[in-house]
Visitor: 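Got a structure for you, written out below as structure tokens; questions coming shortly.
Excluded from the calculations below are hydrogen atoms, water molecules and symmetry mates; all remaining heavy atoms, backbone and side chain alike, are included. Counting begins at 1 with the first residue of the sequence.
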Amino acid sequence: MIFCSLYSGSSGNSIFVSSEKTKILIDAGLPGKSIVSALENIGENPFELNGIFITHEHMDHVKGAGIMSRKYNIPIYANEKTWNAMQRWVGKISPR
């Protein structure tokens, strides 16, 4: 298993976690370009992500989630209250 903090702090949070069969982001709190750059720096391809898990709706956890989902066809997972609160920031997401 690989666990790598891509970003952590008030300006944005994102963690990459992978096993042999699954690759996910936990939070996507920076612009999509920043997240992609961080993934590439650790040798990972954003097209191979299986999901984005959002812990809560603060902007420093959701800022890049919408663009990452749309551009790389990645499903976003969040509990119902978080989803409802963050929708205005992530934009339109394709239902899965």
Side-chain angles (χ1 to χ4, degrees):
M1 176 171 268
I2 296 172
F3 180 93
C4 182
S5 177
L6 302 177
Y7 295 99
S8 179
S10 60
S11 62
N13 297 277
S14 189
I15 297 170
F16 173 78
V17 180
S18 73
S19 66
E20 288 183 22
K21 297 180 182 180
T22 305
K23 297 180 179 191
I24 63 168
L25 285 181
I26 300 173
D27 295 327
L30 279 94
K33 286 182 181 184
S34 297
I35 295 170
V36 169
S37 178
L39 287 168
E40 290 172 346
N41 283 340
I42 62 168
E44 296 295 338
N45 181 346
F47 284 105
E48 295 177 357
L49 290 171
N50 302 105
I52 300 171
F53 290 73
I54 302 297
T55 59
H56 63 282
E57 68 276 4
H58 291 166
M59 188 60 106
D60 63 326
H61 292 261
V62 303
K63 186 175 190 175
I67 190 67
M68 292 294 294
S69 176
R70 288 185 292 277
K71 186 170 184 178
Y72 299 101
N73 196 31
I74 307 167
I76 297 175
Y77 301 94
N79 70 47
E80 184 176 4
K81 287 183 179 181
T82 297
W83 186 264
N84 291 337
M86 73 180 197
Q87 275 187 309
R88 63 184 170 177
W89 292 307
V90 299
K92 187 164 177 68
I93 304 297
S94 297
R96 308 266 190 250

Visitor: Any side-chain heavy-atom pair from Ile42 and Leu6 closer than 4.5 angstrom?
Guide: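 Yes, their side chains come closer than 4.5 Å.
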Visitor: Sequence neighbours left out, what pairs pass salt bridge (Lys or Arg N to Asp or Glu O under 4.0 Å) with at least one residue falling in residues 72-94?
Guide: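 Matches after skipping sequence neighbours: none remain.
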Visitor: With sequence neighbours left out, write down each residue that passes side chain to side chain contact (heavy atoms under 4.5 Å, CB included) with Gln87, or none if nothing qualifies.
Guide: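 Testing Gln87 for side chain to side chain contact (heavy atoms under 4.5 Å, CB included), a comparison that skips the adjacent residues, returns Trp83, Asn84.
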Visitor: Which heavy atom of Met86 sits nearest to which heavy atom of Ala78, and what is that distance?
Guide: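 So the two residues come closest at CE-CB, 4.1 Å.
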Visitor: Strictly by ring-ring contact (aromatic ring centres under 6.0 Å, His included), give each pair with a member in residues 23-51 just once, sequence neighbours left out.
Guide: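 Checked against ring-ring contact (aromatic ring centres under 6.0 Å, His included) - neighbours excluded - the pairs reaching residues 23-51 are Phe47-Tyr72.
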Visitor: What I'd like to find out is whether the side chain of Met68 reaches to under 4.5 Å of the side chain of Val36, using heavy atoms alone.
Guide: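 A side-chain contact exists here, since the closest heavy-atom pair is under 4.5 Å.
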Visitor: List the atom pairs, with distances to 0.1 Å, where a side-chain N or O of residues 11-18 and a protein N or O form a donor-acceptor pair under 3.5 Å, not counting sequence neighbours.
Guide:
unit_1, atom_1, unit_2, atom_2, d
Asn13, OD1, Gly9, N, 3.0
Asn13, ND2, Gly9, O, 3.1
Asn13, ND2, Asp60, O, 3.3
Asn13, ND2, Asp60, OD2, 3.0
Asn13, ND2, His61, NE2, 3.4
Ser14, OG, Asp27, O, 2.9

Visitor: Taking only residues two or more places apart in sequence, or in another chain, which ones meet Ser34 in a side chain to side chain donor-acceptor pair (under 3.5 Å)?
Guide: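 In terms of side chain to side chain donor-acceptor pair (under 3.5 Å), with neighbours along the sequence ignored, Ser34 is linked to no residue.
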Visitor: Could I get the full list of salt bridge (Lys or Arg N to Asp or Glu O under 4.0 Å) partners for Glu44, not counting sequence neighbours?
Guide: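 Residues passing salt bridge (Lys or Arg N to Asp or Glu O under 4.0 Å) with Glu44: Lys23.
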Visitor: Check Val90 against Ala65 and note the closest heavy-atom contact, atom names and distance.
Guide: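 Heavy atoms of Val90 and Ala65 come nearest at CG1-CB, 4.0 Å.
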Visitor: What residues, two or more places apart in sequence or in another chain, satisfy side chain to side chain donor-acceptor pair (under 3.5 Å) together with Asn79?
Guide: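 Listed in chain order: Thr82.
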Visitor: How many angstroms lie between atom CG of Leu30 and atom CE of Met59, to the nearest 0.5 angstrom?
Guide: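 Answer for the CG-CE pair, Leu30 versus Met59, is 11.5 Å.
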Visitor: Side-chain contact test, heavy atoms from C-beta onward, threshold under 4.5 Å: evaluate it for Leu49 versus Leu39 and give yes or no.
Guide: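 In contact.
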